[in-house]
Number of protein chains: 2
Amino acid sequence: MQEFNIKDVARLAGVSIATVSRVLNGTKRVNPETREKVMKVIEATDFRPNALARGLISKRTNVVGVMIPDISNEIFSRFVNGLESVLEPNGYSLFLGITNGKEETELKYLQLFEDKQIDGIILSGVSYSKNHKHFFQKTRMPIIVSGQQFRDSGIPFVNIENVAGSHMATTYLLNKGHKKIGYISAPLFDIAVGVNRLEGFKKAMKEWQLPISRQSVVVADSFKTSSGYDAAKKLMELSVKPTAIFAATDRIAIGAMNYLYDNGYSIPEDCSVIGFDDIEVSSLLRPSLTTVNVDYVESGFQSGKQLLKLLNRQPDEVVGDILLMPSLSIRNSVSERN
Amino acid sequence: MQEFNIKDVARLAGVSIATVSRVLNGTKRVNPETREKVMKVIEATDFRPNALARGLISKRTNVVGVMIPDISNEIFSRFVNGLESVLEPNGYSLFLGITNGKEETELKYLQLFEDKQIDGIILSGVSYSKNHKHFFQKTRMPIIVSGQQFRDSGIPFVNIENVAGSHMATTYLLNKGHKKIGYISAPLFDIAVGVNRLEGFKKAMKEWQLPISRQSVVVADSFKTSSGYDAAKKLMELSVKPTAIFAATDRIAIGAMNYLYDNGYSIPEDCSVIGFDDIEVSSLLRPSLTTVNVDYVESGFQSGKQLLKLLNRQPDEVVGDILLMPSLSIRNSVSERN
DNA sequence: TTGTAAGCGTTATCAA
DNA sequence: TTGATAACGCTTACAA
């Protein structure tokens with residue numbers, strides 16, 4: 001590949017390879033004159049040191065491994081975006097592991113990260129099996145997990161205040177006069193998005209001393225739009241129709257909106273809709289979707305920052321967890337109700 | 001990092017490191033018994049060879065560098081998705097370079113790819129300066145470029161039939177009876193999306209012997225929704241309003257739709273809208289957007305396949321270019337007109 | 001079939 | 001301040 005190596009540079013500059021290495025790394029003192037001489041050769045030959053050889057001995061590769069289930073999901077791509085914005089300026093590049101949600105692939109990448117002597121790992125949307133746990137216990141790699149937390153693993157996390165977020169959305173609806181609120185939950189195997197967001201809804205309803213009928217909470221089959229569509233159907237076919245629907249994710253909310261649209265309900269007059277995530281589409285829809293804004297770019301940014309802390313930490317320094325507070329993006333899908 | 005190395009395995013198995021290496025690589029014949037013995041130690045110790053050391057000598061890293069301007073842009077994230085779906089099963093992992101459109105960052109990653117002895121490069125949405133050209137001429141790395149083409153570079157490309165696509169969309173409008181069509185072009189510095197798509201529009205109009213007034217073609221300031229909004233405003237303020245708007249990208253089309261919606265025009269009754277790309281939102285909008293479907297996942301898939309060909313090619317084998325034909329996604333934003 | 005030993009291109013250690 | 005030289009962990013001739 002590269003014709004030139006450090007040996008050639010040393011020869012051309014009339015010094016030893018050790019000196020060239022010192023110039024390259026800025027380590028230790030080098031006589032300005034020799035330094036100049038070497039630099040000239042380096043520039044003239046366009047020499048660049050082999051990163052593999054470098055990493056082999058120095059044990060540092062300046063690469064961070066990122067593992068996510070799906071890059072074409074906006075939530076993760078924005079996360080990676082935020083990650084990159086803090087890691088790149090600090091000299092780290094990204095090694096991307098896309099798992100498609102398969103545990104087997106997850107474990108494969110975890111091993112690959114070690115094989116390649118990557119400096120640190122960022123995880124988001126990955127499972128937490130016995131095998132994972134085993135890996136986490138054995139490895140010495142710095143790890144940050146985002147959008148979830150691995151209980152008792154000691155792995156620092158960056159997560160969203162999901163409970164507070166849905167509490168916020170529910171309270172907003174309640175303040176607007178809605179009492180009959182239908183909740184479309186995300187699948188409950190997802191603790192953060194499924195369980196926690198439902199919890200925030202229940203909490204707010206309880207605070208207003210409003211009962212939650214069994215039928216008014218529908219658990220969507222998946223995170224897809226179509227599941228929101230189906231769930232909204234169930235909700236609107238109840239004898240007591242809700243005046244507002246709160247969906248655990250924007251995608252699900254959009255499915256619900258489409259059901260309403262397709263069946264002649266006007267939004268928000270006949271039924272208000274509120275979502276969670278604030279994906280890009282939400283502001284583009286007409287009516288635009290009122291939703292809980294989660295800054296996934298920021299989440300990536302913070303995750304990257306935490307990893308940098310782990311990478312540069314002092315022996316006794318502790319890197320804590322981070323919880324990001326969502327906010328409300330008020331748009332046009334919710335109206336007043338008496 | 002890894003406590004164990006090949007030496008330890010060799011010692012524990014009572015063989016030489018060369019034998020362990022042979023077992024590891026399946027190269028050359030190894031006595032089944034010794035092989036068994038070694039395998040047992042490998043499994044018992046959970047030994048995994050150091051990829052850096054391996055790459056250093058073998059000159060292969062099983063890593064492909066991917067360079068794109070923005071991962072949070074759906075078009076690129078789907079592209080990466082397609083790429084991964086063909087590269088991962090073939091044993092390659094992705095090294096991701098996000099450039100944010102900065103030439104400086106592009107060049108940095110190009111060098112990084114070489115430093116890290118990456119096996120091949122996939123480029124999409126990158127510029128083509130003198131420096132780039134220089135790099136491409138010097139490097140021996142297999143490269144595939146997608147969504148664009150580097151003239152006279154000899155670099156195989158995978159691209160979309162942009163001219164045919166917009167010709168198709170225009171013809172569709174014409175067949176629906178539209179004669180006064182407003183075209184919102186993407187910025188013209190982008191050859192593929194700006195120039196080529198405009199060309200297809202003009203071609204179709206010419207075939208129908210319809211004149212194109214100067215005002216009926218508006219070049220958007222950017223690829224953003226807001227630019228589509230502004231452009232639609234210009235179009236609808238003309239003395240002769242168009243009965244249909246063709247926007248060079250869905251994002252721009254959505255901006256146009258929002259302008260129409262906000263100003264009391266109903267779609268498609270008052271004005272039809274057609275887009276290009278078929279991003280996810282388009283099917284979610286109400287009315288859903290009729291648009292030219294471009295399969296970016298497929299584009300990534302094909303790019304990956306072409307790179308694999310380059311990586312495994314015979315000395316005299318030629319890897320050609322690929323042009324992907326888009327199709328029409330007919331939805332509800334276009335109506336008949338007399 | 002197996003082992004010895006020479007690299008791969010760096011950094012790090014120790015003298016000089 | 002500089003230069004030999006020994007690692008780093010592996011693959012691969014070449015010998016045995």
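Just so it is clear, the structure is predicted and the values come from calculations on it, not from any experiment. Here is the naming used below: chain letters follow the sequence lines, and residue numbers restart at 1 for every chain.
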Student: With distance as the sole test, does B:His132 use its side chain to make a donor-acceptor pair with the main-chain N or O of B:Ser129 at under 3.5 Å?
Tutor: yes

Student: Listed in order of residue number, which residues of residues 19-27 of chain A have a non-hydrogen atom at under 4.0 Å from DNA chain C?
Tutor: A:Ser21, A:Arg22, A:Asn25

Student: Sort out for me which residue in A:Gln148, A:Glu106, A:Glu103 forms a side chain to side chain donor-acceptor pair (under 3.5 Å) with A:Ser127.
Tutor: A:Glu106

Student: Between the side chain of B:Asn5 and the main-chain N/O of B:Asp8, is any donor-acceptor distance below 3.5 Å?
Tutor: yes

Student: Determine the minimum heavy-atom distance between B:Phe113 and B:Val66, stating which atoms define it.
Tutor: CZ-N, 3.9 Å

Student: Which nucleotide in the list C:dT10, D:dT1, C:dT4 gets nearest to the side chain of A:Phe47?
Tutor: C:dT10

Student: Can you check nucleotides 6-8 of chain C for protein contacts, nitrogen or oxygen pairs under 3.5 Å, and list what you find?
Tutor:
residue	atom	partner	partner atom	Å
C:dC8	O3'	B:Lys59	NZ	3.4

Student: Among C:dT2, D:dA4, C:dT4, find the nucleotide with the atom closest to the side chain of B:Thr34.
Tutor: C:dT2

Student: Looking only at the side chain of B:Val30 (C-beta and beyond, no hydrogens), which of the listed nucleotides D:dG3, C:dT2, C:dT10 gets closest?
Tutor: C:dT2

Student: Using the rule given for side-chain contact (heavy atoms from CB on, under 4.5 Å), can you reason through A:Arg54 versus B:Asp115, listing the C-alpha separation, both sets of side-chain angles and the distance that settles it, and then say yes or no?
Tutor: CA-CA 10 Å; A:Arg54 244 181 173 173; B:Asp115 297 350; over 6 Å; no

Student: Within this structure, what is the CZ-to-P distance between A:Phe4 and C:dT10, rounded to whole angstrom?
Tutor: 12 Å

Student: Is it the case that over 12 heavy atoms from other parts of the model lie below 6.0 angstrom from the CD atom of A:Glu33?
Tutor: no

Student: Among A:Leu308, A:Val64, A:Leu311, which residue meets the side-chain contact (heavy atoms from CB on, under 4.5 Å) test with A:Asn90?
Tutor: A:Leu308

Student: Using the side-chain contact (heavy atoms from CB on, under 4.5 Å) rule, pick out the option among A:Phe157, A:Phe76, A:Tyr296 that qualifies with A:Ser124.
Tutor: A:Phe76

